[in-house]
Amino acid sequence: MSSSYTPGPPTDAPVTIPRNVLRLLALVDISTAGRRVLDELLYLSDPQTGTAQISQNEMCTELGASKPTVNRGFKELRESGLVWNLQDGLYQLHPLLTGGAVSSPVMRIPEIKAAEPARFTEQRRARYAAQVANLTTAG
């Protein structure tokens, strides 16, 4: 049985992300699915702890996306260092995204894996070329 419940934000306070952090986010190589999951986690984030509580099934419902798509989004966010699991359905957002808020002051904070600006376009072009090559060999 599936649930139609989707959580709401813990507050109506705006989420503020500094320009230098937005620039860094632009250089993190995540898919549209990863960005949509991140946006939803930011929407749900608790300003005191920088955490967001939502199950993957609830995220699927909220985004109207398949489970594999949402799972890929979460995986990309973990691998990039933007988000990590604290427990099932509870995610910590990187303190750069939360104004420094973390759920524990002794928590290990991962480095965000962003591309160098000069190499980012190169990486994107190489990925696109590989995707096009896969399409031509599959067809």
Side-chain angles (χ1 to χ4, degrees):
M1 181 174 170
S2 80
S3 169
S4 62
Y5 169 78
T6 52
T11 177
D12 288 330
V15 174
T16 305
I17 300 175
R19 290 180 189 276
N20 63 329
V21 176
L22 289 172
R23 176 69 176 138
L24 177 66
L25 280 176
L27 296 172
V28 175
D29 194 14
I30 58 174
S31 66
T32 303
R35 185 56 200 226
R36 290 182 67 212
V37 169
L38 178 61
D39 289 345
E40 186 66 20
L41 292 173
L42 284 166
Y43 167 73
L44 295 171
S45 66
D46 183 319
Q48 302 299 311
T49 63
T51 60
Q53 191 162 3
I54 187 170
S55 72
Q56 289 191 349
N57 287 335
E58 291 166 343
M59 184 68 78
C60 292
T61 299
E62 190 65 19
L63 298 180
S66 69
K67 198 163 196 167
T69 298
V70 168
N71 287 342
R72 184 178 72 243
F74 275 113
K75 181 181 181 204
E76 291 172 357
L77 295 175
R78 281 191 308 273
E79 289 175 351
S80 67
L82 293 171
V83 173
W84 56 95
N85 291 68
L86 296 175
Q87 62 188 40
D88 279 350
L90 184 63
Y91 302 90
Q92 177 69 58
L93 284 89
H94 196 284
L96 284 177
L97 303 174
T98 64
V102 290
S103 60
S104 170
V106 295
M107 179 179 292
R108 181 186 137 322
I109 307 297
E111 180 180 340
I112 294 176
K113 295 175 182 79
E116 292 296 320
R119 289 189 50 236
F120 187 72
T121 302
E122 214 175 284
Q123 290 173 342
R124 284 286 186 172
R125 283 189 184 140
R127 180 180 290 160
Y128 177 74
Q131 289 171 341
V132 169
N134 285 338
L135 289 175
T136 58
T137 58

Review point. To the nearest 0.5 Å, how far apart are CG in L97 and CG in L22?
Key: 9.0 Å

Practice item. Just say parallel, tilted or perpendicular for the rings of Y91 and F74, cut-offs at 30° and 60°. Key: parallel

Point to revise | Closest non-hydrogen atom pair between G81 and P110, with its separation | key: O-CG, 3.8 Å

Point to revise | Closest contact, heavy atoms only, S45 versus P10 | key: O-CG, 3.4 Å

Check your understanding: Under a single-linkage definition using a 4.5 Å side-chain heavy-atom cutoff for Ile, Leu, Val, Met, Phe, Trp and Tyr, are L90 and W84 assigned to the same hydrophobic cluster?
Key -> yes

Point to revise | Shortest non-hydrogen separation from L77 to L38 and the atoms involved | key: CD1-N, 3.7 Å

Review point. What distance do E40 atom CD and L42 atom CG have between them, rounded to the nearest 0.5 Å?
Key: 9.5 Å

Review point. Roughly how far apart are N85 CG and R78 CZ, rounded to 0.5 Å?
Key: 5.5 Å

Exercise for review: Determine, using the 4.5 Å side-chain heavy-atom cutoff (strictly less than), whether I17 and I30 are members of one ILVMFWY cluster.
Suggested key: yes

Review point. Does E76 have any salt bridge (Lys or Arg N to Asp or Glu O under 4.0 Å) partners at least two apart in sequence or in another chain, and if so, which?
Key: R72

**Study point:** Heavy-atom closest pair, residues P47 and A101
**Key:** O-CB, 3.4 Å

Point to revise | Between CG on residue L25 and OG on residue S80, distance to nearest 0.5 Å | key: 8.5 Å

Review point. To which residues is V106 joined in a hydrophobic cluster, defined by side-chain heavy-atom contacts under 4.5 Å among Ile, Leu, Val, Met, Phe, Trp and Tyr, whether direct or through other members?
Key: none

**Study point:** Least distance between heavy atoms, V70 atom then L63 atom
**Key:** CG2-CD1, 4.5 Å

Point to revise | Donor-acceptor contact below 3.5 Å, side chain H94 vs main chain I109 | key: no

Check your understanding: Are there more than 12 heavy atoms of other residues, nucleotides or ligands under 6.0 Å from atom CG of D88?
Key -> no

Exercise for review: Kindly write out the residues that satisfy side chain to side chain contact (heavy atoms under 4.5 Å, CB included) with S103, not counting sequence neighbours, or none if the list is empty.
Suggested key: T49, T51, L86, Q92, M107

Point to revise | L24: partners by side chain to side chain contact (heavy atoms under 4.5 Å, CB included), with sequence neighbours left out | key: L96, I112, A114

Review point. Excluding sequence neighbours, so at least two apart, what forms salt bridge (Lys or Arg N to Asp or Glu O under 4.0 Å) with D46?
Key: none

Point to revise | Counterpart residues, salt bridge (Lys or Arg N to Asp or Glu O under 4.0 Å), relative to K75 (two or more places apart) | key: E79

**Study point:** Heavy-atom closest pair, residues P95 and V102
**Key:** CG-CG1, 3.6 Å

